[in-house]
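Residue numbers run from 1 in the order of the sequence given. Keep in mind that the numbers below use all heavy atoms, side chains included, and drop hydrogens, waters and symmetry copies.
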Amino acid sequence: MGVEMDGDVHHKADNMDRLEDVSGAYKELLAKLNTITQLGRCQAVIGYDQQVFMPKNSETAAERGAQMSALSSVIHNMSTDKGIMELISRSESDIASNPGGKFGEAARLLEIERRDFLKNERVPAELAARAAGHQAKAQQSWQVARASSDFALFESDLSECFSIAKEKAECKRDPDSKLSLYSQMIDDFEIGMEKERIDELFGEIREALVPLIAKVLKSENKPKKDCLVGSFPVDKQAEIANRLVSAIGYNTDFGRTDVSTHPFSSPCSPKDVRITSRFTEGEWREGLIATIHEGGHAIYEQSRPSSPYKIDSALSLGAHESQSLFWERHVALSKAFWRYAMPLMKETFGDFDYSVDEVYGAVNAVSPSFIRVKADELTYPLHVILRYQIESDIVAGDLEVKDIPKRWNDDMKSLLDVDVENDAQGCLQDMHWSALAIGYFPTYLIGAATAAQLEHFCRKDIPDFDDLVEKGEFSKLKDWLTEKVHRHGSRFKSLDDMLESQLGEKLNPKYFIDYLTAKYSELYKL
């Protein structure tokens, strides 16, 4: 993709004026911000390579860590150059000097850049480089520990991950801020959402789901899962997964799909959005649904305005997760979707003689699981709440890293009545902490609740929602999401603000609870 330097590249309302036409400082600022973004995109490419293609050994990991550290230092130094703040201030003065101008877009861009500059400026270059270097080391030791199912092999590096993440959050926190340290960490992933608000949302969800799950598990009307297992060649699984993810709107002309230990999406740029999945020959659901999930993330990235400025970047990880879960749960796990997909399944696998109802029941069957990414949508929220509580307790000093395995296993027993057999099935299953992504986990459940709220209002605007899905006509749903979410980038200050503007109310877990209650009461005949 060519370098985007035109000042009109970021999406703006038709009645907005171009500040760069009257402000040399703003024009210069846009050029500097573009360079920083392009370097960040390079960082994304080598990060993807690290996860997917790079040789798996400690020496290569050390070299990649040095590369990531060097690039991180360059980006950090450019991002915290005092010249950036001077240009921001001069641009703001130019807005004030032109009272007749309509510079709302530019003003929001400047507000975002000022906020992020001040946060980044507080992080010393040495700490930024140390964080990047340790992340590469920790991800390698996590992979080794996971393969050996031995938390002890990861404990030291994980402890340092939490220490560095806390150190960075302390630096980023405004000296006058009353935010808790964990709320500051959350802010890097879910801007404007404090721990107290999350406690309120998650408390309501947990209170509703625990008894619902108990009723479901006691039901004698359990769907059979025979159709999920058998001999399903991996190449055929990848073929149908790629066919379906393209059908819902993922543009493979500007992306690619690969295989990795943990499925993820990587927006190297809006014109290079990659996804990964994983497949096992004896079971087809996991790979297909993971591909749809990551495709939902990718559709968001491919549909947002493609400028190199933060105002056009995704609003938050909760917003992002709502897009992946909208497509995964409210489309791909619906009965209408399987009316569409069943002929394709039979075409791909040949002897696949099951009814739509049988497959719908099987893909939605509830069964408490060790693994978060394999969990059904009803028990999944408790996996997130477990991680949220563990990491927030570590940050608060109420739990030590060495005690994570016991705490994890105890919570899995109390929340889901599951006995964790080993560390690989327990506290070593996720890569997030090795990536210093402390405060990331709650965004999964925030996204799930948001997806249900979006589906509710999407159905109000598109009454033939199910008919369109059954026909494999997904463009109307994608366009609705672009109108309500994708096109806004980071113009809103929080997910709550965006939902209130576009749907008429802030995030409300009622829609998520109602959706799960209705769906599983019917499926399990409660």
Side-chain angles (χ1 to χ4, degrees), residues 32-33 36-37 39-40 43-44 47 65-89 110-139 156-198 310 313 315-317 388 390-401 432-443 490 493-494:
K32 288 182 178 292
L33 296 177
I36 293 168
T37 294
L39 289 173
Q43 196 173 39
Q67 295 160 14
M68 295 289 278
S69 180
L71 184 52
S72 179
S73 293
V74 172
I75 294 172
H76 179 79
N77 289 336
M78 293 184 67
S79 300
T80 57
D81 180 356
K82 293 189 182 299
I84 295 283
M85 182 53 81
E86 291 174 4
L87 290 172
I88 292 172
S89 297
L110 292 169
E111 180 184 16
I112 293 170
E113 294 299 338
R114 174 179 284 278
R115 176 201 72 203
D116 287 355
F117 180 89
L118 291 174
K119 282 174 65 175
N120 290 329
E121 184 185 41
R122 298 184 188 114
V123 179
E126 176 278 327
L127 176 56
R130 179 156 48 93
H134 184 71
Q135 179 178 331
K137 180 175 183 287
Q139 287 183 337
S156 177
D157 281 334
L158 179 57
S159 182
E160 183 65 11
C161 286
F162 273 96
S163 295
I164 291 174
K166 288 168 70 174
E167 190 176 350
K168 286 184 70 176
E170 286 278 16
C171 291
K172 288 180 179 182
R173 187 165 52 179
D174 190 304
D176 299 324
S177 173
K178 295 182 179 179
L179 277 182
S180 69
L181 191 59
Y182 187 59
S183 288
Q184 179 65 55
M185 291 174 164
I186 293 169
D187 196 66
D188 281 345
F189 306 106
E190 194 60 46
I191 188 166
M193 186 76 74
E194 297 183 19
K195 182 179 183 297
E196 292 73 18
R197 169 81 166 125
I198 295 175
K310 290 177 184 174
S313 63
L315 173 62
S316 70
L317 290 188
Y388 167 70
I390 286 177
E391 67 179 21
S392 63
D393 282 353
I394 290 175
V395 173
D398 297 329
L399 179 68
E400 294 185 30
V401 169
H432 302 63
W433 289 338
S434 70
L436 277 66
I438 318 299
Y440 191 123
F441 279 121
T443 67
S490 289
K493 295 185 178 182
S494 70

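- Atom CG of D116 sits about 9.0 Å away from atom CG of D188, to the nearest 0.5 Å.
- In this structure, the separation between CD on E111 and CD1 on I88 is 11.5 Å, given to the nearest 0.5 Å.
- In this view, H76 satisfies the ring-ring contact (aromatic ring centres under 6.0 Å, His included) rule with no residue, not counting sequence neighbours.
- Judged as a ring-ring contact (aromatic ring centres under 6.0 Å, His included), and not counting sequence neighbours, the contacts of Y440 are F189, H432, Y444.
- The closest side-chain heavy-atom distance from I198 to E190 is not below 4.5 Å.
- Judged by distance alone, with hydrogens and angles left aside, the side-chain atoms of S316 form no donor-acceptor pair with the main-chain N or O of I191 at under 3.5 Å.
- Contact check for L118 versus M85: side-chain heavy atoms found under the 4.5 Å cut-off.
- Scanning for salt bridge (Lys or Arg N to Asp or Glu O under 4.0 Å) contacts around R173 gives E170, with sequence neighbours left out.
- Residues passing the side-chain hydrogen bond (donor to acceptor under 3.5 Å, both in side chains) test with S434: none are found, sequence neighbours excluded.
- Listed by chain and number, the residues in a salt bridge (Lys or Arg N to Asp or Glu O under 4.0 Å) with K195 are D199 (sequence neighbours excluded).
- Looking at K493, R197, K119, K168 one by one, the single match for salt bridge (Lys or Arg N to Asp or Glu O under 4.0 Å) with D187 turns out to be K119.
- The side-chain contact (heavy atoms from CB on, under 4.5 Å) check on D398 picks up D393, A396, with sequence neighbours excluded.
- The ring-ring contact (aromatic ring centres under 6.0 Å, His included) search around Y388 returns Y182, F202, not counting sequence neighbours.
- Checking side-chain atoms of S69 against main-chain N and O of A129 turns up a donor-acceptor pair under 3.5 Å.
- Using a 4.5 Å heavy-atom threshold, the side chains of S159 and E400 count as separate.
- A 4.5 Å side-chain heavy-atom check between K310 and E113 finds at least one atom pair inside the cut-off.
- Pairs of residues two or more places apart, or lying in two chains, that qualify as side-chain hydrogen bond (donor to acceptor under 3.5 Å, both in side chains) and include a residue from residues 124-135 are E126-R130, R130-E167.
- Contacts of K137 classified as salt bridge (Lys or Arg N to Asp or Glu O under 4.0 Å), with partners at least two apart in sequence or in another chain: D157.
- Applying the salt bridge (Lys or Arg N to Asp or Glu O under 4.0 Å) test to E196 and every residue at least two apart in sequence or in another chain returns nothing.
- Judged as a side-chain hydrogen bond (donor to acceptor under 3.5 Å, both in side chains), and not counting sequence neighbours, N120 has no contacts.
- We find the CD1-CD1 distance between I84 and I36 to be 4.5 Å, quoted to the nearest 0.5 Å.
- The side-chain hydrogen bond (donor to acceptor under 3.5 Å, both in side chains) search around E121 returns K82, not counting sequence neighbours.
- Counting heavy atoms from C-beta on, the side chains of S72 and Q43 come closer than 4.5 Å.
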